[in-house]
Each structure stands twice: as C-alpha cells, then as structure tokens.
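Encoded as structure tokens, here's the structure I'll be asking about.
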Amino acid sequence: MLAYVAKRVLYMIPTLFGMSLIAFMIIQLPPGDYLTSLLSTMADGGQNLDEATIARLRAQYGLDQPVYVQYFVWIGGILTRGDFGYSFEWNQPVSTLIWDRMGSTLLISLASLLMVWAISLPIGIYSAVRRHSFGDHAFTLLGFIGLAVPNFIMALTLMYASYRFLGQSVGGIFSPAFVDAPWSLAKLTDMLSHMWIPVIVIAMSGTAAMIRILRANLSDELSKPYVITARAKGLPEHKVILKYPVRIALNPFVSSIGWVLPDLVSGVTITAIVLNLPTAGPLLLRALVGQDMYLAGSFILLMGVLTLVGMLISDILLAVLDPRIRFN
C-alpha cells in the first residue's frame, strides 16, 4: 500500500507541472489580455488613454514580457513563496481572493455532498432490492424530475417559496443584518436558515443520478451466482445484501471523489449567481470573462490539483472497499 501511494505521488509531480502549463496557456488563448479588455471598457465609456499611459500599464501588469516569462514568474512564485500572483481587476493578491471564498464554498458543497450520499444510498438500495415495486417507480419518477429540472429554475422556485411563505430574505447565505455582524448563535442560526436552498438545489441532480447508478449496479450484483449461493446457504437477507453486493455497488460513490473535490471549488456557477452566493464559481467566471489571467489560472490549477488528490483518495478507498481489489 505505501509503495503504491508513494509511486502515485511521484507520478503526480510531472502531471501537476503539465497541468500548470496547460492552465496558463488556456488563459492566454483568447485574443488580447486584461489590459485590452480594460481599454475596451474605458473606450465604451468615452475614456481614451495615450500610448505612454498604455505602455506604463502594460509594464506595471507585466504584460510586456513574453508568455513563457510570465508563466515562470507565476509558477516560481507559487513554488517558492506560495504567491499565486496579483489580480488585476480586484487589485488584491490572488491567494486572498481564493481563500476568502473557500470557506462558504466548502461549507455549501460538502453539505450538498453529504445530502446526496445520505439520500441516494438508502433509496438506491431499496430500489434495487424492490425492483418494479410502487416505491421503486415513485423514486424513479422523482429521479427523472430531479434530472430534468434545471438547477436555476429550482433555485428561483425555492427563493420565491422562501420569501412568500416563510418571510425569509432571499439570496446570499446571511440576512442583511448579519452580513457584517460578528459570529454568534443568532448569526449561525441565520446562516443555517439560508443554507437549505443552495444545498437542496445543488444536491438535487446529483442525488437523482446517484440513485439510478446505485440501483443499476446493485441490481446487477444481486443476480450473480455468489449472491444466489449465499441465499441458498440460509444467510439472513440483510447479510446477503450488505456483505458484498452493496460494497461493490458503492464504487460509484467512492470513485466520484475525483470529480467532487474540484467541483467544491467551481461549484454550480449558475446556481451561485442566481442565489447570490459568495462562492468560488462566480469569481472564476468573472476572472475568465475579464481575462484576469493569474486569478483564473490559479483557480484552474487548484481544480487540477484537487482532481489528482481526489483520484488518489478514490483509488485507495476502492482498494479498501472492494473485496475484488488486492495490492501486490
């Protein structure tokens, strides 16, 4: 196990270097740069800058350097000082902007993930064991609805219901009175009263998909010879189902960690915009639109790192969970 983990970590080093290079090049692909976008916005507002000022701004932002020089300055700062660069649009260090959004992003996304697993696991097992029953058909219908309804439509519906029937302020994760207030029991209660909408919206489609995947996998396992043999030997039904079939059918839950971790950063961007959530998704979108290369590149690199870490965790947990996997 230790040799396997060490080998995987060593493989991650060149992969991370390649990811950083690709992330930086992606930001450079659109024509122009941040200064070009800024000058275009100023021109639309009737402001024009002379060539000397433009040259000074280009030197100030480091945009007068070749692309490879900009890349090595950026990646060198990350490796040596943990410095992700400076955001042109926000006039702040990128690390400050990222970590300011990470708290709310992780809170909402992890709560949504736990909700997905808590709901889809028992329902998926029930639907597989009671195939074609009334409950199975009812959960299947709900799952199709969950997959079909766009997240932003559900967000708008719940926002209206919250305002209309609960008298609750909509948008954000705090009421206006608690946004800048120090932490207290009242602020925590207010946050929890706002959290249910984004958690339900973000978890809805993921829950529906996981139920269908678990139902299909477990149904396939329950028809295999080792399950039939276990029943023939008189094992209790709960042991027949939970001992091995469920462990094997849980593979999608564990393997999903590889894409869940980066999704914690990007989140459901459209839903976050509709609900006015202070998460990382809208900030990444704004950085991409404004060609704020260090901010956008750092987000993309962070998602790549989390993907690699998630895949490593998935492989280790699969080896522990799946009885068919063994390390040599």
In chain order, what residues pass the salt bridge (charged side-chain N to carboxylate O under 4.0 Å, His left out) check against Arg81, with sequence neighbours excluded? Asp83
Partners passing side-chain hydrogen bond (donor to acceptor under 3.5 Å, both in side chains) against Tyr11 (at least two apart in sequence or in another chain): none
Could you state whether Ile13 and Met311 fall into the same hydrophobic cluster, counting links through intermediate Ile, Leu, Val, Met, Phe, Trp or Tyr residues with side-chain heavy atoms under 4.5 angstrom apart? no
So, for Ala23 and Gly297, which heavy atoms are closest and what is the spacing to 0.1 Å? CB-O, 4.1 Å
Sequence-distant partners of Leu285, side chain to side chain contact (heavy atoms under 4.5 Å, CB included), two or more places apart: Thr269, Ile273, Val289
Go through Trp90 and Leu283 one step at a time and tell me if the side chain to side chain contact (heavy atoms under 4.5 Å, CB included) criterion holds. CA-CA 11 Å; Trp90 295 88; Leu283 186 62; 3.6 Å; yes
Would you mind reporting whether Met25 and Ile22 have side-chain heavy atoms less than 4.5 Å apart? no
Distance check, rounded to the nearest 0.5 Å: Leu192 atom CG versus His194 atom NE2? 11.0 Å
For a quick test of reading the model, state the closest non-hydrogen atom pair linking Pro182 to Lys187 and the distance between them. O-CD, 3.7 Å
Applying side-chain hydrogen bond (donor to acceptor under 3.5 Å, both in side chains), can you list everything that pairs with Arg286, at least two apart in sequence or on another chain? Glu89
Side chain to side chain contact (heavy atoms under 4.5 Å, CB included) partners for Val305, two or more places apart: Leu16, Leu301, Val309
Pairs flagged by salt bridge (charged side-chain N to carboxylate O under 4.0 Å, His left out) wherever residues 114-126 is involved - sequence neighbours left out: none
Within 6.0 angstrom of Tyr68 OH, more than 12 heavy atoms from elsewhere: no
Does Met115 reach the side chain of Ile200, with side-chain heavy atoms less than 4.5 Å apart? yes
Sequence neighbours excluded, the answer for side-chain hydrogen bond (donor to acceptor under 3.5 Å, both in side chains) partners of Arg231 is Glu237
Give, for atom CZ of Phe139 and atom OG of Ser133, the distance between the pair rounded to the nearest 0.5 Å. 8.5 Å
Is there a path from Phe72 to Val94 through hydrophobic residues (I, L, V, M, F, W, Y) whose side chains come within less than 4.5 Å of each other? yes
Just wondering, do Asn151 and Ile202 contact through their side chains at under 4.5 Å, heavy atoms? no
Start with the C-alpha gap between Leu121 and Leu250, add the side-chain angles, then the distance that decides, and say whether side chain to side chain contact (heavy atoms under 4.5 Å, CB included) holds. CA-CA 9 Å; Leu121 180 59; Leu250 283 178; 3.4 Å; yes
Side chain to side chain, Pro122 and Tyr126, heavy atoms closer than 4.5 Å: no
Quick check: closest heavy atoms across Trp196 and Ser162, and the distance to 0.1 Å? CZ2-CB, 4.0 Å
Supply the atom-to-atom distance Tyr244 OH to Lys224 NZ, rounded to the nearest 0.5 angstrom. 14.5 Å
For Ala155, side chain to side chain contact (heavy atoms under 4.5 Å, CB included) partners two or more places apart: Val201, Thr271, Val274, Leu275
Would a hydrophobic clustering, with Ile, Leu, Val, Met, Phe, Trp and Tyr connected at side-chain separations under 4.5 Å, put Val9 with Leu79? yes
Got a donor-acceptor contact below 3.5 angstrom from the Thr307 side chain to the Met303 backbone? yes
Distance (rounded to the nearest 0.5 Å) between Phe84 CZ and Ile75 CD1: 8.5 Å
Any idea which heavy atoms bring Met195 and Ala111 closest together, and the distance? CE-CB, 4.3 Å
Supply the atom-to-atom distance Leu284 CG to Thr279 OG1, rounded to the nearest 0.5 angstrom. 10.0 Å
What verdict does the side chain to side chain contact (heavy atoms under 4.5 Å, CB included) test give for Ser193 and Asp190, after you've listed the backbone C-alpha separation in whole Å, the side-chain angles of each residue and the deciding distance to 0.1 Å? CA-CA 5 Å; Ser193 68; Asp190 180 75; 4.1 Å; yes
Check whether Phe144 and Ile153 end up in the same hydrophobic cluster, where Ile, Leu, Val, Met, Phe, Trp and Tyr are linked by side-chain heavy atoms less than 4.5 Å apart. no
The criterion is side chain to side chain contact (heavy atoms under 4.5 Å, CB included); which residues satisfy it with Phe17, sequence neighbours excluded? Ser20, Tyr71
Please tabulate, for side-chain N and O atoms in residues 207-218, each donor-acceptor pair with protein atoms closer than 3.5 Å (sequence neighbours left out).
residue, atom, partner, partner atom, Å
Thr207, OG1, Ala203, O, 2.7
Arg212, NH1, Thr140, OG1, 3.0
Arg215, NE, Asp136, OD1, 3.0
Arg215, NE, Asp136, OD2, 3.4
Arg215, NH2, Asp136, OD2, 2.8

Mind listing the closest non-hydrogen atom pair of Ser112 and Pro198 along with its distance? OG-O, 4.2 Å
Nearest non-hydrogen partners of Met12 and Leu312, listed with the distance: SD-CD2, 4.2 Å
Can Leu235 be reached from Ile125 by stepping across I, L, V, M, F, W or Y side chains whose heavy atoms are under 4.5 Å apart? yes
Using side-chain hydrogen bond (donor to acceptor under 3.5 Å, both in side chains) as the criterion, list what pairs up with Thr229, not counting sequence neighbours. none
Can you say whether the rings of Tyr160 and Phe165 are parallel (under 30°), tilted (30 to 60°) or perpendicular (over 60°)? perpendicular
Could you give the distance from CE (Met154) to CG (Leu156), rounded to the nearest 0.5 Å? 10.5 Å
